[in-house]
Amino acid sequence: MTKWLTQRLLAALVLCSLAAPALADWGLNLPVGVTPLSKEIYGLHMLIFGVCCVIAVGVFGAMIYSIVAFRKSKGAVPAQFHHSTRLEIIWTVIPIGILVAMAIPAAKTLVKIEDTRAADLTIKVTAYQWKWRYDYPDNGVGFFSSLAADSVKARQVGSGADVYAVDHYLRNVDHPVVVPVGKKVRLLITANDVIHAWWVPEIGMKRDAIPGYVNELWFRIDQPGTYRGQCAELCGRDHGFMPIVVVAKPEAEYDAWVSEQRTLAGLPPQQQSEQALAAAGSK
Ligand SMILES: [Cu+2]
């Protein structure tokens, strides 16, 4: 009987360990993300979470121990005192100390998030019901980014489409916003009609897009790839149908993309900036 139970337990353990990668896909936690800031935000979140766990174990441990060890049935007699200055000082000073200790790294990260100075590239983002517009003022490139055609078709009532067969159903667009890898990209975010919000979890950033108001955010993506997000402010009927797709490309590929977009828009090839010419000349 014991041998049978041991075998069962061992089998269960093996099966549980096999399921570990699946558990990782649950996505209960924040994504670590692909920018230095998103990684910092994740680290901060885990640090504060750790502090909360330690406090929870301490407080609930003391509570449970007191309830069990000093229960009435064991003959415990409650102490009769009403005021303890020393105790009040302790339970005020310790939490303040903990809060200040947590505020220091949080404030440091917050300052970095807000520091949009010295950006390599600025993109103006305008939200519409229900699509996004991206303008690159330095390159003369601008385009709308709407829900991909196959998703639009599949979402119609009575389309009979198998939505699981659609490529990134409701999470794909016709024109993704393209950015260079390793560069500080600043977004200037506004809206044309109602309040929307630009949010890409893996970039670790979310900002409201408000008509008549310009919000800023910045990111630097270090690995090429495609990162998806969505409008994060309830903005009307089709709020769920204005996804965001950011494609990060190595600089040469990004430059080629800009040239292609300029050609498509009927613009002449972009003049090299004086800085770029000087850099080329000094080589
Ligand atoms: Cu929206």
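Atoms within a ligand are numbered from 1 in the order they appear, just like the ligands themselves.
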Indicate if the distance from the Cu ion (ligand 1) to the nearest N, O or S atom of Met242 falls below 2.8 Å.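 Looking at Met242, which is the residue asked about, there is an N, O or S atom under 2.8 Å from the Cu ion (ligand 1).
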Review point. So, the side chain of Arg262 versus the backbone of Asn139: is there a donor-acceptor pair under 3.5 Å, distance only?
Key: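 Yes.
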Practice prompt. Verify, without hydrogens or angle tests, whether Ser151 (side chain) and Leu147 (backbone) share a donor-acceptor contact under 3.5 angstrom.
Written response: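 Between the backbone of Leu147 and the side chain of Ser151 there is no qualifying donor-acceptor contact (under 3.5 Å).
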- Item | Quiz item: cation-pi between Lys249 and Tyr254, 6.0 Å / 45° |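 Geometry flag: not set, cation outside 6.0 Å or 45°.
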*asked:* When you measure from the centre of the six-membered ring of Phe143, is the NZ or CZ of Arg133 closer than 6.0 Å and no more than 45° off the axis?
replied: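 The answer is no, since Arg133 fails at least one limit relative to Phe143.
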If you round to 10 degrees, what value do you get for the angle at the Cu ion (ligand 1) between Cys231 atom SG and Cys235 atom SG?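 SG of Cys231, the Cu ion (ligand 1) and SG of Cys235 span an angle of about 120°.
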Query - Shortest-distance N/O/S atom, His196 versus the Cu ion (ligand 1) - result: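 The Cu ion (ligand 1) is closest to the His196 atom ND1, counting only N, O or S.
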